[in-house]
K.L.:
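I have a structure here, written as structure tokens, and I will follow up with some questions on it.
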Amino acid sequence: MSELMFREISNQIDMLSYGERLRLLNKIVGSLQLPAIQSVKKIDSDFDDAFGLWADRDVSLDEIRAKAWGRS
């Protein structure tokens, strides 16, 4: 789209009333093809799974707790 065409369309849109702008926007949005919504992966409540901090590591939450409370 050339800059001149863009300006002409922009000027025409500026002349529309608020309601007409909303209808135009609704038609534009309705014409878009949106990607299918993917299902959300269920996140376990376990700290390791929820945040992935220990992914691919041989460390468990129990070991971390034992080291942390073992110092006191």
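A quick note: this is a predicted structure, and the numbers were derived from the prediction, not measured. One is the number of the first residue; the rest follow in order along the sequence.
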K.L.:
I'd like to check the side-chain contact (heavy atoms from CB on, under 4.5 Å) partners of Ile28; sequence neighbours left out, ordered by chain and number.
P.N.:
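Residues passing side-chain contact (heavy atoms from CB on, under 4.5 Å) with Ile28: Leu24.
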
K.L.:
Got a sec, which residues hit side-chain contact (heavy atoms from CB on, under 4.5 Å) with Asp62, two or more places apart in sequence or on another chain?
P.N.:
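Result, side-chain contact (heavy atoms from CB on, under 4.5 Å) vs Asp62: Ser60, Arg65.
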
K.L.:
Considering only NZ, NE, NH1 and NH2 on the basic side and carboxylate oxygens on the acidic side, decide whether Lys67 and Glu63 come within less than 4.0 Å.
P.N.:
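So Lys67 does not pair with Glu63 through a salt bridge.
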
K.L.:
If you measure from OG on Ser2 to CZ on Arg7, what distance do you get to the nearest 0.5 Å?
P.N.:
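If I round to the nearest 0.5 Å, the distance is 9.5 Å.
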
K.L.:
Under 3.5 Å, which donor-acceptor pairs link side chains of residues 16-23 to any protein atom two or more places apart or in another chain?
P.N.:
residue, atom, partner, partner atom, Å
Ser17, OG, Glu20, N, 3.3
Ser17, OG, Glu20, OE1, 3.3
Glu20, OE1, Ser17, N, 2.9
Arg21, NE, Ile13, O, 3.3
Arg21, NE, Leu16, O, 3.4
Arg21, NH2, Asp14, O, 2.9

